[in-house]
Amino acid sequence: MNYKLNTLSTLVLGSALTATTVFGAGALEKVMKDRGLSENDVIRAAKTYNPTGGRDEFVVFSSGGQSGQVIVYGVPSMRILKYIAVFTPEPWQGYGFDEDSLAVLRQGNIRGREINWGDTHHPAISEKDGKYDGRWLAINDKANPRIAIIDLEDFETKQITVNPVFKSAHGGAFFTQDSEYIIEAAQYAAPFDNNYHPIEEYKESYRGGVTMWKFDNEKGKILEDKSYTIEMPPYMQDLSDAGKGVSHGWGFTNSFNSEMYTGGIEVGMPPNEAGMSRNDTDFLHVYNWEKLAKLAEDKANYTVVNDMKIISMKTAVANDALFLIPEPKSPHGVDVSPDGEYITVCGKLDTHASVYLWSKIKKLIDTKDYAGKDPYGIPILDMKKSLHGQVELGLGPLHNQYSNVDGEIYTSLYVDSQIVKWNYKTLKVLDKENVHYNVGHLCGMEGKSADPQGKYIISLNKLAIDRFQNVGPLHPQNHQLIDISGKTMDLLVDMPLPLGEPHQAVAIRAEKLHPHVRYKMGTNTKTGEQHIGKTLAGQEKIVRDGNKVTIFATMVRSHINPERITVNKGDIVTMHLTNLERAQDETHGFTVDHYDVHASLEPGETTTIKFTADLEGVFPYYCTEFCSALHLEMMGYLMVKDPNKKYESAQKLKMATMTAEQLKAEYDKTVAVNDATDAVIQSVVKFLKENGYDKHVTVKDLVTDAFDQYGQIPAQKKLADEAVKAGDLEKAILFENMIWQLMVKTADVGIRAKDALVRLVATKQTPAQERGSRAFDEGGCSGCHVVGKVSSGPDLTGVLQRHENGEKWVADFIKDPEKMYDDPYIKGMIDYFNLKMPNQHMSDDEVKDIIEYFKWVDENANLF
Ligand code: RUQ
Ligand code: CUA
């Protein structure tokens with residue numbers, strides 16, 4: 001090993017490790033040689049590599065472009081962590097395939113039309129004092145002017161708001177510094193109303209604007225009725241930014257068609273691109289949203305179009321709340337510095353970045369020092385008098401990000417495919433780095449907040465040409481991570497992004513995010529409230545009301561309850577599903593084959609799927625997440641029968657081929673099963689009577705229900721016996737089967753009555769025992785354990801007596817069952833039940849309460 005490499009491996013692996021590495025001496029050198037890696041490559045790899053189980057320092061939320069989603073990945077590893085479904089149905093998450101997420105997606109309908117995609121551009125994280133608070137993510141849809149709100153506690157979309165007056169919107173979403181508002185600027189000017197207006201009337205009837213969406217940062221909700229829109233000329237407003245610090249209360253939005261050109265290739269006019277870039281300058285719009293928000297509280301100051309409050313240009317101007325400043329032609333990004341004093345606009349068609357100074361702008365506004373007015377009467381401020389200065393950066397400057405170093409700014413050059421590092425205070429260019437290729441936005445670490453973290457910049461490139469394996473004419477996008485901690489930039493790694501065309505991305509320190517891992521039992525995750533379909537173990541049922549069938553179902557490793565559902569063709573089937581698991585990551589998926597429904601149920605979640613059973617036949621339904629060793633068995637059948645059709649029974653056909661002896665045997669067996677079932681019913685009845693069930697109304701009602709069923713048995717028995725007498729054993733078997741059906745229904749209700757009675761006559765539960773009983777149910781234990789009965793798991797009556805030091809043993813087992821899987825007793829249990837006790841992640845208090853509950857169970861053991 002040469003000296004250089006030796007230093008390198010010391011550097012990369014640490015001196016202590018070099019000697020003890022599992023790969024042996026010289027291993028690093030060999031890998032480098034085999035793979036053709038340079039020393040710099042290895043250092044870059046080491047800077048971005050996360051060993052298995054390792055975590056990233058930052059989390060990035062990137063727009064997913066035309067996919068209508070948000071892409072989440074980690075920095076520096078550049079590993080993709082999630083695609084968040086936002087404007088587009090996403091089957092894995094069940095988004096748009098279950099009723100609750102569909103309700104969110106459909107909030108985005110425009111004029112009654114369903115829209116199933118979005119063109120996401122700019123994600124933004126909610127702020128406190130201009131710093132990211134890590135609570136909410138907002139993102140805009142350019143194609144269909146909408147803003148979505150994503151909850152960063154579970155990374156799910158909770159709200160979609162349609163802009164009712166814009167026809168497209170690009171300059172959003174941007175939070176104001178305390179998340180009071182979210183800015184959304186129109187892009188392509190169009191009439192605010194929904195009527196036809198000929199293009200010849202562009203200047204008169206087409207309008208641009210900025211909508212200020214009022215945001216409730218506690219609830220994470222856009223409040224439509226408290227929002228307003230500022231009317232603006234049809235200049236094609238583009239990107240925006242909110243002022244902060246000294247410029248707090250103001251908004252900045254640039255534009256690119258102050259020519260108000262409307263094209264017309266087909267009538268012999270030059271195309272839009274020529275006419276819209278004719279002038280040397282366009283306009284930066286400067287508006288006092290804080291003042292306008294106050295005006296929007298008084299009816300006298302606004303008109304209403306499509307339920308949106310509109311503050312006219314005239315009103316805004318009359319109140320000194322709207323100004324224009326020339327900016328180099330066809331600009332793109334406008335970015336306010338962390339302190340709010342410097343506003344940098346990039347030229348796109350100009351090689352310069354222009355830095356405006358807020359204090360200069362403010363002075364011109366305060367002294368009413370105007371350079372003129374535009375055709376709509378909006379005061380124009382002098383460009384030179386507002387500028388701090390301009391810097392020549394290169395071809396096609398687009399977007400800016402800030403670092404933790406005072407004055408340091410990074411700008412993307414679209415045409416040159418470069419990143420420029422420069423200083424917006426001294427106006428000096430410091431460094432340039434090539435990227436591959438054609439960069440759009442940049443993403444600094446909290447790089448647009450009041451507290452940029454430095455360290456890295458991500459270059460969001462639009463083309464990837466020669467960077468990756470050829471996967472056909474549509475290339476992946478390329479996000480490149482650049483180390484900015486040194487004097488010069490260093491490109492560390494490429495990440496191909498196989499989704500959408502990401503525009504903006506925002507990064508936040510990972511430790512600022514606090515997502516939870518499970519929901520409170522029975523939560524509707526889209527509203528955060530208890531779901532109307534919440535179903536606990538034992539509460540499963542099928543309810544029929546005319547042609548409406550509602551199923552209350554549960555899912556827990558590894559069964560779906562119920563397992564058989566029969567409906568008539570044409571029935572409207574609503575299925576509420578609750579995942580009873582408390583264990584992290586124990587998601588169950590659910591689908592009914594051929595019915596285009598799917599749900600993803602995270603632990604504790606309840607959701608609903610709904611469909612019309614218009615296909616006759618037999619449809620398996622199953623859990624779609626490989627959740628456990630018995631995942632394939634986690635299934636059931638939906639049977640859809642046509643009520644107008646006569647079906648020939650296959651059972652009858654089969655029996656018809658039976659010999660007389662076989663028939664007799666089957667009849668005897670059926671009768672024997674019925675006798676045994678009846679014995680169970682009689683024991684329950686005895687229990688009920690001995691414990692005075694008729695003194696308790698609820699129990700009495702259940703018993704009445706049970707006897708309703710039981711009372712139908714003698715009539716069936718008579719028919720069965722007559723058939724026997726007539727020598728028709730086949731018929732007799734069918735009637736005996738019917739008796740069995742009635743008995744099962746009786747037993748089902750009877751056992752429920754017994755359970756209810758037990759609760760009433762048993763010794764009163766202490767508060768701890770009550771809490772324990774609830775934890776036992778809500779925590780999902782009752783999914784496998786039925787007190788007084790062996791079911792999917794052992795009976796827990798007497799469990800505290802079964803082991804030496806019973807209470808501690810049980811507590812230890814609940815807390816960490818995995819640890820005891822090898823214990824011979826547990827091993828035997830696992831073999832017998834074919835199931836392992838899962839870790840339900842109970843708290844110490846919950847475990848204590850559950851043990852108290854078991855004591856109560858034992859005290860009342862005679863009742864179970
Ligand atoms: S865009 S590449 Cu922000 Cu929609 Cu600039
Ligand atoms: Cu639950 Cu697979």
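By convention here, the first residue in the shown sequence is residue 1. Ligands are counted one by one from 1 in listed order, and the atoms in each one are counted from 1 as well.
Counting non-hydrogen atoms of neighbouring residues, nucleotides and ligands closer than 6.0 angstrom, the NZ atom of Lys167 exceeds 12 such neighbours. Counting heavy atoms of neighbouring residues, nucleotides and ligands inside a 6.0 Å radius, atom CG of Asn116 exceeds 12 of them.
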Using the rule given for side chain to side chain donor-acceptor pair (under 3.5 Å), can you reason through His441 versus Gln504, listing the C-alpha separation, both sets of side-chain angles and the distance that settles it, and then say yes or no?
CA-CA 5 Å; His441 275 272; Gln504 165 99 304; 2.9 Å; yes
Side chain to side chain donor-acceptor pair (under 3.5 Å), that's the test. Do Asn254 and His285 meet it? Break it down for me.
CA-CA 6 Å; Asn254 53 27; His285 300 61; over 6 Å; no
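In this structure, His503 is part of the shell of residues with a heavy atom less than 4.0 angstrom from ligand 1. Using a 4.0 Å cutoff on heavy atoms, Lys462 counts as a contact of ligand 1.
Heavy-atom proximity to His441, at under 4.0 Å, picks out these atoms of ligand 1: 1 (S), 3 (Cu), 5 (Cu). Here is the list of ligand 1 atoms found below 4.0 Å of a heavy atom in His170: 1 (S), 3 (Cu), 4 (Cu). Near Gly440, meaning under 4.0 Å from one of its heavy atoms, ligand 1 places the atoms 2 (S). Distances below 4.0 Å separate heavy atoms of Leu239 from the following atoms of ligand 1: 3 (Cu). Counting atoms of ligand 1 from 1 in the listed order, those under 4.0 Å from a heavy atom of His122 are 1 (S), 3 (Cu), 4 (Cu). Contact atoms of ligand 1 toward His332: 1 (S), 2 (S), 5 (Cu) (distance under 4.0 Å to a heavy atom of the residue).
Atom ND1 is the N/O/S atom of His631 found closest to atom 2 (Cu) of ligand 2. Within His121, the N/O/S atom positioned nearest atom 4 (Cu) of ligand 1 carries the name ND1. Nearest N/O/S atom of His588 with respect to atom 1 (Cu) of ligand 2 is recorded as ND1. Considering just the N/O/S atoms of Glu625, the one nearest atom 2 (Cu) of ligand 2 carries the name O.
Of the N and O atoms on the side chains of Asp238 and His332, at least one donor lies less than 3.5 Å from an acceptor on the other residue.
The cationic atom of Lys421 (NZ for Lys, CZ for Arg) does not lie both less than 6.0 Å from the six-membered ring centre of Tyr410 and within 45° of the ring axis. Taking the ring axis of Tyr437 as reference, the NZ or CZ atom of Lys462 does not stay both within 45° of it and closer than 6.0 Å to the ring centre.
Atom 1 (Cu) of ligand 2 has no N, O or S atom of Thr624 closer than 2.8 Å.
His503 and His170 have perpendicular rings, their planes meeting at more than 60° on a 0 to 90° scale where under 30° would count as parallel.
None of Trp289, Trp213, Phe215 except one satisfies the ring-ring contact (aromatic ring centres under 6.0 Å, His included) rule with Tyr181; the exception is Trp289.
Vertex atom 2 (Cu) of ligand 2, arms ending at SG of Cys623 and SG of Cys627: the angle is 110° after rounding to 10 degrees.
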